[in-house]
Structures are given as C-alpha cells and as structure tokens.
Chemist: 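Before I ask anything, here is the structure I am working with.
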Amino acid sequence: FDFDQAAAAHYALFRQSVLPYATIFVDQTGLLGGAVSNRTRQAYEQLGYQPAAGHSPDHLGEMLLFLSFLAGEETDCAASERPFWQAQQLAFLQHHLLPWLPVLHVALQHAQAPFFSTVSEMLMTLLVDHLEMLGVKTQELLPMRATPALDLADERTGLRQISAFLTSPPQSGVYLSRTVLARMARGAS
C-alpha cells in the first residue's frame, strides 16, 4: 500500500471529482454551505456535539463522526435512555444521511477508484446493518425526495433548464462528477 498514492487518489476524487458534502447532493443550488449545512449544524448543537473547528457540518466524515457520537451516547447511558438515543440515530440517518448517501455511493462506484469504491460499499453495508439494528427494514428506506419532473413539452424549457436539471442531483437523482463528464465528452468526440 502506497500512502502517497492513496493521498493523491483521495485528493483527486474527493476534492476534484466527487465532493462528499450533503449540500452538493441535496440543495438545488449545488453550492456548499447554506440551509443544508445550517440544519445539520443545528442537529449537532441540539444534542451537544461540537464538530471539529473549520469542518463543514455537512461533510460525510463529520456526519459519520456525529453518528458515532450518538451511538456512543446510547452505549454510555442508562437502559431507560437508550430508546431516546436510538431515535436520534434513526432521525439523523433519515433526515441527514439517507437522502443523499446512496447517490454518493453510486458516484463513487463509477469514479474508477477501486479502494474508495470498496470503502463506500463497506459504509453502505454498515449503515444498512445499523438501520436494521434500529428496527428499520431495508425495504422501508426512503428514496431521495421526489421533485417535479422537467416539462420538455413546455416551450420555455430550453437547453439551460435541461442542463440545470441534469446537473442538480436533488432534481435528477444523478451525480455527474468531473470524471464522468470528461468520459462523456471523450466519448462524444
């Protein structure tokens, strides 16, 4: 295992191609920060969690640390308090992670980064197991929010609206990374 090679692959994947922030996948603006980030920060504050200084609250790593914090609180508390902490874990998963993590997972599967694809697969398996431990059947998992479909019959729908729809994961349900776009461009030439 070459640590320098892994660091370079991590940088190329998560800083240039597939950005692991909820905002990118959930907010229709596709911009970092904003409402999604603020809601996530509020969820942390309500339960006494302090994210690391300088870290965006909607980054996947920070969200997984918070989930770990919640599981730790469940483990450390009295038996009578466990249902509260389990409910908090489930609520966080349903409202903050599950609306976008499956699309991130698919994007990582197509990113041609075998190590991170495997890590993503392991993370999805772990989360499914965690949900089942919390009493949720995996068939009950909610898909990403349904959004209005693009009306191609409307004469006001032009190339700008079509491209905005396709490049907005909350609308299209697809994440087009730089890698995928470059591959598509090469294939079209």
Chemist: State which residues pass ring-ring contact (aromatic ring centres under 6.0 Å, His included) with F115; sequence neighbours excluded, sorted by chain then number.
Modeler: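 Once residues adjacent in sequence are excluded, the partners of F115 under the ring-ring contact (aromatic ring centres under 6.0 Å, His included) criterion are F1.
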Chemist: Using a 4.5 Å cut-off on heavy atoms from C-beta on, say whether the side chain of L101 contacts that of L93.
Modeler: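 Heavy-atom side-chain distance check fails, nothing below 4.5 Å.
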Chemist: Linking I/L/V/M/F/W/Y whenever any side-chain heavy atoms sit under 4.5 Å apart, do V136 and L126 land together?
Modeler: no
Chemist: Once side chain to side chain donor-acceptor pair (under 3.5 Å) is applied, do any residues pair with E62, and if so which ones, sequence neighbours excluded?
Modeler: Y49, H55
Chemist: Do Y11 and V18 sit in one hydrophobic cluster, given that two such residues count as connected whenever their side-chain heavy atoms are within less than 4.5 Å of each other, even indirectly?
Modeler: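 Unlinked, Y11 and V18 end up in two clusters.
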Chemist: Where is the tightest heavy-atom contact between T23 and S37, given as atom of each residue plus distance?
Modeler: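 So the minimum-distance heavy-atom pair works out to OG1-N, 4.0 Å.
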Chemist: Not counting sequence neighbours, which residues clear side chain to side chain donor-acceptor pair (under 3.5 Å) with H130? List them please.
Modeler: Q89
Chemist: Within the distance-only criterion (no hydrogens, no angle test), does the side chain of S120 pair as donor or acceptor with the backbone N or O of F116 below 3.5 angstrom?
Modeler: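 Not a single qualifying donor-acceptor pair exists.
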Chemist: If you round to the nearest 0.5 Å, how far is CG of L131 from CD of Q94?
Modeler: 7.5 Å
Chemist: Just by distance, do the side chain of Q109 and the backbone of S117 share a donor-acceptor pair under 3.5 Å?
Modeler: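 Between the backbone of S117 and the side chain of Q109 there is a qualifying donor-acceptor contact (under 3.5 Å).
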Chemist: Residues two or more places apart in sequence or in another chain: which of them pass ring-ring contact (aromatic ring centres under 6.0 Å, His included) with H105?
Modeler: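 For H105 there are no ring-ring contact (aromatic ring centres under 6.0 Å, His included) partners, ignoring immediate neighbours.
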Chemist: What is the distance from atom CG of D58 to atom CZ of F25, rounded to the nearest 0.5 Å?
Modeler: 11.0 Å
Chemist: Supply the atom-to-atom distance L65 CG to L60 CG, rounded to the nearest 0.5 angstrom.
Modeler: 9.5 Å
Chemist: Quick check: closest heavy atoms across A22 and W100, and the distance to 0.1 Å?
Modeler: CB-NE1, 3.4 Å
Chemist: How far does OG1 of T40 sit from NE2 of H59, to the nearest 0.5 angstrom?
Modeler: 12.5 Å
Chemist: Only counting residues at least two apart or in another chain, list the ones meeting side chain to side chain donor-acceptor pair (under 3.5 Å) with E45.
Modeler: none
Chemist: Evaluate the side-chain proximity of L108 to F14: yes if any heavy-atom separation is below 4.5 Å, no if none is.
Modeler: yes
Chemist: Using side chain to side chain contact (heavy atoms under 4.5 Å, CB included) as the criterion, point out the one residue from Q88, H96, H95 that pairs with F92.
Modeler: H96
Chemist: Find the distance between CG (L90) and CH2 (W85) and round it off to the nearest 0.5 Å.
Modeler: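 Answer rounded to 0.5 Å: 14.5 Å.
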Chemist: Do you reckon L64 sits in the same ILVMFWY cluster as M124, going by side-chain contacts under 4.5 Å, direct or chained?
Modeler: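 Same cluster: L64 reaches M124 through Ile, Leu, Val, Met, Phe, Trp or Tyr contacts under 4.5 Å.
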Chemist: Under 3.5 Å, side chain of T75 to main-chain N/O of A71, donor-acceptor pair present?
Modeler: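 A pair under 3.5 Å: yes.
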Chemist: Taking side chain to side chain donor-acceptor pair (under 3.5 Å) as the test, write out the residues that go with D154, two or more places apart.
Modeler: R156
Chemist: Is the ring pair F66/F69 parallel, tilted or perpendicular, if the boundaries are 30 and 60 degrees?
Modeler: parallel
Chemist: Shared ILVMFWY cluster between V128 and V106, side chains joined below 4.5 angstrom?
Modeler: no
Chemist: Give, for atom CD of E81 and atom CD of Q86, the distance between the pair rounded to the nearest 0.5 Å.
Modeler: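 So the gap between those two atoms works out to 12.0 Å.
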